[in-house]
Amino acid sequence: MSTLVFLMLLVAAMFVLGMRRAPLWTWAVLAGVAALLWQAGIADRGYNLGRLGFWQILGWLPALVLGLLSVRAIRRALVVAPAFRAISGVMPKVSETERQALDAGTVGFDAQLFSGRPDWSKLREVPAITLNDEEQAFLDGPTEALCAMIDDWQVRFRSKEIPDEIWRFAREKGFLGMLISKDHGGLGFSAQAQSLILGKIASRSPDVVTIVMVPNSLGPGELIEKYGTDAQKAHWLPRLARGEEIPCFSLTGPTSGSDAATMRDIGVVTRGLHEGQEVLGIRLTWDKRYITLGPKATVVGLAFRLFDPEDLLGGGDDVGITVALIPASHPGVNIGRRHLPSGAAFPNGPNWGKDVFIPIDWVIGGEKMAGQGWRMLMECLAAGRAISLPSSAAAGAKAMLRFTSAYGRIRRQFGLPVARMEGIEEPLARMVETAYVNEAARAVTASMVSRGEKPSVISALMKYQTTERMRSAVNDAMDIHGGRGICDGPSNYLQSAYQMVPVGITVEGANILTRSLIAFAQGALRSHPYLFKEIQALQESERERGLADFERAFLAHASFTVANFFGAAFHNLTGGLLIELPEKPGVHGQWYRQLVRASRNFALVADLTVALLGGGMKVKQRLTGRLADALSELYLTSCVLKRFEDDGSPEADQPIVEMAVRNGLYRFQEALRGTIDNFPVMPARIVMRWIVFPLGAPYRPAPDRVSQQAARLVVQPGEVRDRLTRHIYVSHDPDDPTGLLEVTLAKVVEAEPAERKLERAVRAGIVRRYHDRDWFKEAVDKGVLTEAEGGLLREVEALTSRVVAVDHFDPAEVKPSFAAVGHNSQGLDGLAAE
Ligand SMILES: Cc1cc2nc3c(=O)[nH]c(=O)nc-3n(C[C@H](O)[C@H](O)[C@H](O)COP(=O)(O)OP(=O)(O)OC[C@H]3O[C@@H](n4cnc5c(N)ncnc54)[C@H](O)[C@@H]3O)c2cc1C
């Protein structure tokens, strides 16, 4: 046997064992056989098989070491126990609030992506968008009606608040109690239904959706439904469901924003007077800001740190973060003043109180839930983050696309609709991709929540990814509209979204923090198949049990790392062509393969990152941010393939899917490349580069041909445009600025052949198009157009001039209405002291 063949066989056998996660003893056998063959080969060239020299001993060394390590007691003494001691020092220390955040929620498809071998059946078994009859009727009836009532300009400029008739309608129809169960007087809708209802309202008014979103997301309603005492449920839930009580939830304060757990708001357990009787209660001092619905709230959900110096609850001094529900009218509660967030109209403001006494019964869940506030919040956030903001961000992206694709087709410059120009097609294609991807991921994630999952890692990445993409869609919409998008007024349908983008970016975990600290850094702990088990074992108080748990997890982790090493190398060298396809892959088999390959690479890099950086990962946020992006691209692209299948694989959508997948894989690759290029441990950097990119970077962004096809599909009224913008509010009323777009687009498309004739005649100087002439009549008189064509073009001209018009005002009309009103930036220490 030649040395080359021998080495090839050896490497092939190593790949087989590595990828199959073969036990250690099989590696020992392989090493033994290889040593024997090697020695025999050397013997051919004159050495004696029976004599053991230096090279022979060296050849047998791997077999010997692996053989010894196959013996459990030796392995434990030489490897596992020293690793146990060494890793204890470098593993991230998990604080109590972090542990509660980690414990909250469930692990689902994210774990598949971390595993490097995603099981597609796990994603495919998530139901496609399904609503029951009642939910569908609510979406088509009251939700549609609510949207039709909204006059965006009136809301955000003239009255600068949500009109009473909108509040009334929302209350009467039950919009404020969608998540409250039917038993307690709410609508008890699924997460998917809530997501679609919120999305439809968001596509009409980001201000109005806020008043519906807050009572239906993290806040008093949800907390009482899940953790409240029976008495609290009976008292509050029917009132909240009917909108007789308006809730707000107060967590953030001037000193505790992203780091909310470090709040300075405190409660002290004591006895005091309530309604004339001495009761056990809490004396509270707090200062909160940015609280949505605060100025309108009748009941305040308040998070604070509770202390019990006299041990009246029997659990020691520092009880922990606690949440109570306090009527806004309670003596000492200061609430009602407004912030002006991005000039938006939804109610938002500070609240504070000093030495306010409340009975202990007001703690959500009663006395037994004192100190459980952070866990409750994290559990609600694990699911809630997947619903509210992704719904608005998906709807916003779809609305931006619907408006902009119409405007781009209607608005002509240089004799062409601007949407036909390549420079405009580029951002338009980006908007198509965002609308498709955001909706794909929204739908899948909402279905996961509907069936009981609380996908904490997925919801974190959904929050930051969908709102970031929405921001890009709004900016593209503004650019494509030119001055028409910038000048504000009743006919401007972009400004409310433009104003509200920063709000979505900032709330429920500001995006930078969510990307760099939560999605991957916590995700790795949560979704990695072994890491969390190892950390738990390391923190186990009983050493022997800890060591045994650690051994199990550590050895499985080691074989996982080896499998990723060989699996990634193999698939990268073979271009993923040998990856097994899922059942019925349809036309997109190649993308499934590339996603599995990408997932293998991600698993390898993620694994080495946590193993080599350990606790240092928290401060390497450029790396964790990139890995969060990589994980996000894997998830979102998987959702794109699922959406295509769930939609019945419509052929017309293929260019959109191809564009989204190619771009997703490309961004994934760049995120991973950035991680590897900047990896602080040099040998690992070299190995990862060699394994992940053995033949260079394989993915390119979608070619212009494909993105052009995608952009052209959306400027055409019809099935693809409707599917891309489904579930948003679409007006067909020519007196509504967005309805006018729809009406005009249909006419513009109908009139295009006549328009071309007219354009040619204008260019040839046969017809002159200036303000003082009737060029339609001239064209008809000169035989350029028929009477009908002239009439149609005249109609289009009238409609188009309304579409491109911007509002202008008398200067007195636009004087700020709040110029003379006093303002103050102080809370607890300022206003309260006055
Ligand atoms: C309009 C609006 C409505 C709101 N509604 C509510 C409400 O109803 N209830 C409520 O309790 N709160 C509410 N909030 C508060 C909101 O949740 C906070 O604004 C948010 O948590 C960020 O806190 P901060 O604004 O103090 O920013 P900061 O915490 O000061 O953060 C500043 C920047 O630093 C980044 N950052 C912070 N820490 C890290 C880190 N460790 N690593 C990397 N980056 C980091 C953040 O991402 C951000 O970009 C609202 C806020 C706004 C603006």
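Just follow the structure's listing: the first ligand is 1, and inside any ligand the first atom is 1.
The heavy atom nearest to atom 26 (O) of ligand 1, considering only Gly509, Gly257, Cys248, is found in Gly257. Of all the listed residues (Val507, Thr255, Thr624), Val507 holds the heavy atom that lies closest to atom 2 (C) of ligand 1. Of the options Ile512, Asn511, Leu517, the smallest heavy-atom separation from atom 49 (O) of ligand 1 is shown by Ile512. Of the candidates Asn348, Thr514, Val619, it is Asn348 that places a heavy atom closest to atom 3 (C) of ligand 1. Closest to atom 36 (N) of ligand 1 by heavy atom, among Gly253, Ser258, Pro341, is Ser258.
Under a 4.0 Å N-O distance rule, the pair Arg469/Glu633 qualifies as a salt bridge. Between Asp164 and Arg168 there is no salt bridge, since none of the side-chain N atoms of the basic residue sits less than 4.0 Å from a carboxylate O of the acidic one. We find that Glu670 and Arg667 are not joined by a salt bridge, their nearest charged nitrogen and carboxylate oxygen being 4.0 Å or further apart.
Looking at Trp153 and Asp488, their side chains never bring a donor and an acceptor atom within 3.5 Å of each other. Side-chain contact, Gln372 with Tyr227: no donor N or O sits under 3.5 Å from an acceptor N or O.
Between Thr292 and ligand 1, a contact under 3.5 Å exists for at least one N or O pair. Taking only nitrogen or oxygen atoms, main chain and side chain alike, Thr506 does not reach within less than 3.5 Å of ligand 1. Residue Ile291 has no N or O atom closer than 3.5 Å to an N or O atom of ligand 1. Polar contact check, Asp259 against ligand 1: no nitrogen or oxygen pair lies under 3.5 Å apart.
Atoms of ligand 1 found under 4.0 Å from any heavy atom of Ser516 (numbered from 1 in listed order, with element): 43 (C). For ligand 1, the atoms lying closer than 4.0 Å to a non-hydrogen atom of Val503 are 1 (C). Residue-ligand proximity, Leu251 to ligand 1, at heavy-atom distances under 4.0 Å covers atoms 10 (C), 11 (O).
Protein heavy atom nearest atom 48 (C) of ligand 1, with residue, atom name and distance: Ala510 CB, 4.0 Å. For atom 42 (N) of ligand 1, the closest heavy atom belonging to the protein is Gln621 NE2, 3.1 Å. Atom 39 (C) of ligand 1 has as its closest protein heavy atom Leu513 CD1, 3.6 Å. In terms of protein heavy atoms, atom 9 (N) of ligand 1 is closest to Phe249 O, 2.8 Å. Protein heavy atom closest to atom 25 (O) of ligand 1, with residue, atom name and distance, is Tyr290 CE1, 3.6 Å. Protein heavy atom closest to atom 16 (C) of ligand 1, with residue, atom name and distance, is Thr252 OG1, 3.9 Å.
Side-chain atoms of Thr285 do not come within 3.5 Å of backbone N or O of Ile266 as any donor-acceptor pair. Between the side chain of His330 and the main chain of Phe357, a donor-acceptor pair closer than 3.5 Å is present.
Under the 4.0 angstrom criterion, atom 19 (O) of ligand 1 counts as having a protein heavy-atom contact. Distance check on atom 34 (O) of ligand 1: every protein heavy atom falls at or beyond the 4.0 Å cut-off. Less than 4.0 angstrom separates atom 7 (C) of ligand 1 from at least one non-hydrogen atom of the protein.
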side-chain contact (heavy atoms from CB on, under 4.5 Å) assessment of Arg622 paired with Asn678: CA-CA 9 Å; Arg622 285 189 178 86; Asn678 293 285; over 6 Å; no

Show the numbers, then the answer: is there a side-chain contact (heavy atoms from CB on, under 4.5 Å) between Phe520 and Met617? CA-CA 10 Å; Phe520 177 78; Met617 208 168 63; 4.0 Å; yes

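Separation of atoms OG (Ser195) and CG (Leu389) is listed at 11.0 Å; rounding is to 0.5 Å. Taken from CZ in Arg337 to NE2 in His339, the straight-line distance is 10.0 Å, to the nearest 0.5 Å. Here the CG-CZ distance, from Leu461 to Arg385, works out to 10.0 Å after rounding to the nearest 0.5 Å.
Nearest heavy atom pair, residue Ala460 against residue Thr514, reads O-CG2, 3.4 Å.
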